[in-house]
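Notes for the one structure printed next.
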Amino acid sequence: MLEFARKAYKKYIYVNFEDEEMLKHVFEPDFDIARILEALSLRFHTSIDEQTLLIFDEIQAAPRGITSLKYFFEKAPEYHVITAGSLLGISMHGGDSFPVGKVDFVNLMPMSFMEFLRAAGQEPMARLVEESKWDSIAYVKDRMVQLLRSYYYVGGMPEAVKAYCDGLGNDEVRRIQTNILMTYENDFSKHAPTKEVPRIRMVWHSITSQLAKENRKFIYGMLRHGARAKEFEVAVEWLQDAGLVHKVNRTKCGEMPLSAFEDFGTFKLFILDVGLMTAMNKLSAESVMLGNDVFSSYRGAMTEQYVCQQLLGVVDFVYYWSADNSRGEIDFLVQKGEKIIPIEVKAEENLKSKSLSAFVARYPSLHGIRLSMSDYREQEWMTNVPLYAACCIK
């Protein structure tokens with residue numbers, strides 16, 4: 001937001017409502033925009049006009065701050081306002097009416113691998129992938145794979161990426177990730193209904209072990225002996241609404257539209273970022289970046305987490321498919337326009353794709369995608385796409 005303000009506006013005012021104890025309550029008396037602007041002007045010792053961008057950060061910390069946006073829109077549209085806040089804080093914020101139809105929303109996800117490359121000064125590498133220059137990539141494949149493994153460790157949380165790019169070291173990256181995870185856990189108690197907090201924590205802490213299973217389907221019985229869906233459904237939905245997990249539901253069919261065949265009771269849970277996943281598992285930088293066998297049994301789960309994260313940056317919904325008799329599974333199914341794309345994920349260069357070939361044979365109008373560490377190659381029924389190009393599937 002600050003970078004945007006510097007480039008696009010003559011002047012801006014930045015308010016972080018978690019730090020500004022007095023201004024935190026500026027919206028409580030009323031929504032008189034003139035009074036609010038005067039308070040901001042006095043606090044920052046500057047005049048405010050139509051050329052000033054107002055930046056409200058951590059807006060969920062200001063009572064009635066979210067509601068105020070409606071009145072800026074209706075009473076003072078000549079003033080430009082940009083706000084930010086955690087989805088967890090905003091979506092769970094009580095007492096505020098949401099300014100439906102008055103605000104343009106931008107949902108910021110963790111940085112994709114392509115964004116990570118650019119942040120790390122690897123613009124040419126990102127361009128090679130986006131332009132599908134596979135012959136040229138062959139000359140730098142080792143470097144590309146090394147960068148991908150670094151991304152597995154660092155992930156896409158901007159502060160962690162910045163520490164990596166600034167050369168502050170892996171320990172600093174891990175410290176930042178750990179702080180983020182601690183903040184999330186503290187927010188459980190702050191925003192969630194008290195009776196749900198223990199269940200939310202149980203679901204949150206179980207995700208990585210659930211994904212470590214060969215069948216990555218989420219099983220309530222793993223939370224505690226005799227646990228049932230009705231006890232934990234609210235906890236799962238709360239984490240999903242807060243943007244901390246991605247719920248990938250099973251679809252029973254490979255036909256359009258996938259949502260019509262959705263099985264809401266069978267799903268996988270992924271967390272929002274692969275770097276946070278490695279931090280939750282306390283995986284060392286060496287084991288992840290060097291790709292050794294220390295965590296070989298967990299490599300598949302981490303790779304699926306990475307792929308899910310990349311896909312959700314380019315499509316709205318991701319599903320998976322499994323046969324009713326549990327014989328055969330497609331890791332991900334996505335719908336792009338009028339196309340359904342079945343995607344199989346391989347952590348390394350394992351090129352066996354029995355489930356994918358059987359699925360495409362069942363739905364011959366489909367063309368499969370296999371994501372692996374192997375090079376790009378096309379076959380009549382399937383295309384192998386390198387994992388580092390997961391967010392650029394066409």
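With a 4.5 Å cut-off on side-chain heavy atoms, Phe72 and Leu54 count as touching. Side-chain contact check for Leu40 versus Ile36: some heavy-atom pair is nearer than 4.5 Å. Taking the side chain as every heavy atom from C-beta outward, Val245 and Phe270 never approach each other to under 4.5 Å. Side-chain contact between Tyr79 and Leu53 is absent, with no heavy-atom pair separated by less than 4.5 Å. Two residues are said to be in side-chain contact when any heavy atoms from C-beta on lie closer than 4.5 Å; Gln177 and Met157 fail this criterion. Side-chain contact between Asp273 and Ile180 is absent, with no heavy-atom pair separated by less than 4.5 Å. Side-chain contact between Pro63 and Phe27: absent, with no pair of heavy atoms (C-beta onward) separated by less than 4.5 Å. Residues Pro257 and Gln335 meet the side-chain proximity criterion, which asks for heavy atoms closer than 4.5 Å.
A distance-only check finds no donor-acceptor pair linking the side chain of Ser41 to the backbone of Leu37 [under 3.5 Å]. A distance-only check finds a donor-acceptor pair linking the side chain of Arg35 to the backbone of Asp30 [under 3.5 Å]. At least one donor-acceptor pair closer than 3.5 Å links the side chain of Ser68 to the backbone N or O of Gly65. With hydrogens and angles ignored, the 3.5 Å screen pairs no side-chain donor or acceptor of Tyr164 with any backbone N or O of Ser150. The backbone N or O of Leu168 sits nowhere less than 3.5 Å from a side-chain atom of Asp166 that would complete a donor-acceptor pair. In terms of modelled atom types and a separation under 3.5 Å, the side chain of Lys346 and the main chain of Leu387 share no donor-acceptor contact. The backbone N or O of Leu283 lies less than 3.5 Å from no partner atom in the side chain of Thr278, so there is not a single donor-acceptor pair. Under a 3.5 Å cut-off, the side chain of Thr383 and the backbone N or O of Gln379 do not form any donor-acceptor pair. Here the side chain of Gln210 pairs no donor or acceptor atom with the backbone of Leu269 at under 3.5 angstrom.
Here CG of Asp104 is found 8.5 Å from CZ of Phe73. Values are rounded to the nearest 0.5 Å. Between Asp331 atom CG and Arg216 atom CZ the span is 7.0 Å, to the nearest 0.5 Å. Distance check, rounded to the nearest 0.5 Å: CD of Glu344 to CG of Leu356 gives 5.0 Å. Expressed to the nearest 0.5 Å, how far SG of Cys391 lies from CG of Leu312 amounts to 12.0 Å. Interatomic distance, Asp57 CG to Phe17 CZ, rounded to the nearest 0.5 Å: 9.5 Å. Between Ile13 atom CD1 and Arg43 atom CZ the span is 10.0 Å, to the nearest 0.5 Å.
Thr251 and Asp263 share no donor-acceptor pair across their side chains, judged by distance under 3.5 Å alone. Checked by atom type, the side-chain pair Ser47/Lys11 shows a donor-acceptor distance below 3.5 Å. Remark: the Glu262 side chain and the Asn249 side chain contain an N/O donor-acceptor pair separated by less than 3.5 Å. Checked by atom type, the side-chain pair Arg370/Asn384 shows a donor-acceptor distance below 3.5 Å. The closest side-chain donor-acceptor pair between Thr52 and Asp49 falls under 3.5 angstrom. For the residue pair Ser136 and Arg127, no side-chain donor N or O sits within less than 3.5 Å of a side-chain acceptor on the partner. For the residue pair Tyr151/Gln309, the side-chain donor-acceptor check at 3.5 Å is satisfied. In this model, a donor atom of one side chain and an acceptor atom of the other lie less than 3.5 Å apart for Glu185 and His205.
Ion pairing of Arg6 with Glu3 is present here, as a side-chain N (NZ or NE/NH1/NH2) and a carboxylate O approach within less than 4.0 Å. Between Lys24 and Glu21 there is a salt bridge, with a side-chain nitrogen of the basic residue lying less than 4.0 Å from a carboxylate oxygen of the acidic one. Taking a cutoff of 4.0 Å between a charged side-chain nitrogen and a carboxylate oxygen, Glu172 and Arg175 qualify as a salt bridge. Salt bridge status for Glu237 with Lys247: present, with a side-chain N to carboxylate O gap under 4.0 Å. For Glu231 and Arg199, the salt-bridge test fails: no basic side-chain N is under 4.0 Å from an acidic carboxylate O. Ion pairing between a basic and an acidic side chain is recognised when a charged N comes within 4.0 Å of a carboxylate O; Glu348 and Arg149 show such pairing.
Neither Val106 nor Phe56 shares a network with the other; the hydrophobic side chains, linked directly or stepwise wherever heavy atoms of I, L, V, M, F, W or Y lie under 4.5 Å apart, form separate groups for each. In terms of hydrophobic clustering, with Ile, Leu, Val, Met, Phe, Trp and Tyr side chains grouped at heavy-atom distances under 4.5 Å, Leu276 and Ile207 are assigned to a common cluster.
Below 30°, between 30° and 60°, or above 60°: for Trp134 and Tyr388 the angle between ring planes is between 30° and 60°, a tilted geometry. By the 30° and 60° cut-offs, the orientation of the rings of Tyr71 relative to Phe31 is parallel. Between Phe218 and Tyr220, the ring planes are perpendicular. Angles over 60° get that label, and only those under 30° would be called parallel.
In the displayed structure, Lys141 atom NZ is contacted under 6.0 Å by more than 12 heavy atoms of other residues, nucleotides or ligands. Shown here is Glu159, whose CD atom has no more than 12 heavy atoms of other residues, nucleotides or ligands within 6.0 Å. Within a 6.0 Å radius of CZ in Phe317, no more than 12 heavy atoms belonging to other residues, nucleotides or ligands are found.
Annotation for Phe261 and Cys253: closest pair CG-CB, 3.5 Å, computed over non-hydrogen atoms.
The one candidate from Leu211, Val274, Val307 that meets the side chain to side chain contact (heavy atoms under 4.5 Å, CB included) condition with Met302 is Val274.
Both tests do not hold together for Lys217 against Phe267: distance to the six-membered ring centre under 6.0 Å, angle to the ring axis within 45°. Judged by the 6.0 Å distance and 45° axis criteria, Lys268 is positioned over the aromatic ring of Phe332.
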Chi angles and distances behind the side chain to side chain donor-acceptor pair (under 3.5 Å) call for Arg224, Ser206: CA-CA 10 Å; Arg224 71 177 178 214; Ser206 80; over 6 Å; no

